[in-house]
Amino acid sequence: MSTDKITCLLNWHATPYHLPLFLAEKLSYFADEGIKVAILEPNNPSDVTEIIGSGKVDLGCKAMIHTIAGKARGFPIKSIGTLLDEPFTGVVYLTSQSGITTDFQSLRGKRIGYVGEFGKIQLDELTRHYGMTPQDYTAVRVGMNVTGAIIRGEIDAGIGLENVQMVELEEWSVQQGRSRDDVQMLRIDELADLGCCCFCSILFIGNEAFISNNPEKVSAFMRAVKRGVDYMFAQPAAAYELFVEMKPHMNSEVNRKIFQRSFRYMSHDLKNVQRDWDKVTKYCKRLDIVDDSFVQNQTNEFLTWTLDPERPAGFVNPIVDTGVLTKCACNAQVTPVPVEA
């Protein structure tokens, strides 16, 4: 059965940083643009690039490194914009119980959790960079359950995001009577001397055939999302309450804090940042994910508004009070929110 709806597959279950997309639906911005959008959530985030590449879904969200790797593997996917810029990503650990320090060598003999294949590739490359081998640590594939695996003591540390897993662990640590500072991260961008933490920027991607055959729909989709972004930046607290109406489980203290922490990473103009693409493409070559023949699968042609100048390398917007926490009358119990980049 055919449908006139555009399908959009998230990189994992709905998460606070997906707010602009849901806001475009809630406030009828998609309808105003003459399109219908079905927002889908995958059972397994590792399937997203393949599902979109196969044409079973039109558009979606995925991290930059996975978007590049997917294209290199023959999936016809392309980035049409950016949702979330440069969240700090790295090895997250609890200082009180892991024995890990700021010295990468302290990972020797530890159980390190990772989400999927590329997390393992990154860890292995870093061990070689620091005079170790992949046999010097135990890799544990925990999928989207990094936070829970650390809490349960199944791993000593795991790859996570500063705006998601660190928030979850900080709240759990406070519940245990410890400081939020017990949660620390070895940032991969600093360990690997990348000069930016952009490989986990969350992109809007699409099936290349769909993009080529439906440029008006793609432009309409991005215009609607941009209106959602503009509303979010103008009225973050009000925007979040609208999100809660659509996704009641977002009305938790930990999810509100994830939104608060994510807010400074949200893209204002949705553009693919050329400097970041160049750095991540170079990094992917270093990881042997792509070779010198790789052509970047990204475009800004569907962003019809004036784009902001590129920010200096490493610049991150300052933290601002979004007001979402003052409206929280919710249970403080931490339930880990599984999120893949």
*Does D308 come within less than 4.0 Å of K271, counting only side-chain N to carboxylate O?*
no
_Applying ring-ring contact (aromatic ring centres under 6.0 Å, His included), can you list everything that pairs with F263, at least two apart in sequence or on another chain?_
F233, F259
_Pairs touching residues 129-141 that satisfy salt bridge (charged side-chain N to carboxylate O under 4.0 Å, His left out), sequence neighbours left out_ = R108-D136
*List in chain and number order the residues that pass ring-ring contact (aromatic ring centres under 6.0 Å, His included) with F104, two or more places apart in sequence or in another chain; answer none if no residue qualifies.*
Y130
_Assigning hydrophobic clusters by single linkage (Ile, Leu, Val, Met, Phe, Trp, Tyr; side-chain heavy-atom cutoff under 4.5 Å), is L287 placed with W277?_
yes
*Using side chain to side chain contact (heavy atoms under 4.5 Å, CB included) as the criterion, point out the one residue from T82, V229, L203, D85 that pairs with L270.*
V229
*Can we say K282 and D278 salt-bridge, meaning some charged N sits less than 4.0 Å from an Asp/Glu carboxylate O?*
no
*For N11 and H18, what are the C-alpha separation, side-chain angles and deciding distance, and is it a side chain to side chain contact (heavy atoms under 4.5 Å, CB included)?*
CA-CA 10 Å; N11 51 309; H18 292 128; 2.7 Å; yes
*Which residue pairs pass the side-chain hydrogen bond (donor to acceptor under 3.5 Å, both in side chains) test when at least one of the two sits in residues 20-33, sequence neighbours left out?*
K26-E245, D32-R227, E33-R223
*Mind checking ring-ring contact (aromatic ring centres under 6.0 Å, His included) for H129 and listing every partner two or more places apart, or none if nothing turns up?*
none
*Salt-bridge test for E171 and R180: reply yes if a basic N is under 4.0 Å from a carboxylate O, no otherwise.*
yes
*With C8, which residues qualify under disulfide bond (SG atoms under 2.5 Å apart), at least two apart?*
none
_I need the full list of ring-ring contact (aromatic ring centres under 6.0 Å, His included) pairs touching residues 294-323, with sequence neighbours left out, sorted by first then second residue._
none
_Partners meeting side-chain hydrogen bond (donor to acceptor under 3.5 Å, both in side chains) with T95 (sequence neighbours left out)_ = D182
*For residues 283-292, which residue pairs qualify under side-chain hydrogen bond (donor to acceptor under 3.5 Å, both in side chains), counting only residues two or more places apart or in two chains?*
Q122-Y283, E125-R286, D291-S293
_Could you check whether E41 pairs with K247 (Lys NZ or Arg NE/NH1/NH2 to Asp/Glu carboxylate O, under 4.0 Å)?_
yes
_Qualifying residues under ring-ring contact (aromatic ring centres under 6.0 Å, His included), relative to Y93, sequence neighbours excluded_ = none
*N43, CG atom: more than 12 neighbouring heavy atoms under 6.0 Å*: no
*Which class fits the ring pair F30 and F221: parallel under 30°, tilted 30 to 60°, perpendicular over 60°?*
parallel
_Would you compute the distance between atom CG of L83 and atom CG of L21 and round it to the nearest 0.5 angstrom?_
7.5 Å
*Contact list for residues 148-163, test side-chain hydrogen bond (donor to acceptor under 3.5 Å, both in side chains), sequence neighbours left out*: R111-D156, R152-E154, E162-R261, E162-Y265, N163-S262
*asked:* For D124 and T127, which I'm curious about, is there any donor-acceptor pair between the side chains at under 3.5 Å?
replied: no
*Could you check K217 against I6 for side chain to side chain contact (heavy atoms under 4.5 Å, CB included), going step by step and ending with a plain yes or no?*
CA-CA 8 Å; K217 288 184 177 181; I6 297 171; 3.9 Å; yes
_Hydrophobic cluster membership, with links at side-chain heavy-atom distances under 4.5 Å among I/L/V/M/F/W/Y: are M222 and I202 in one?_
yes
_Summary of salt bridge (charged side-chain N to carboxylate O under 4.0 Å, His left out) pairs that have at least one residue in residues 195-210, sequence neighbours excluded_ = K71-E208
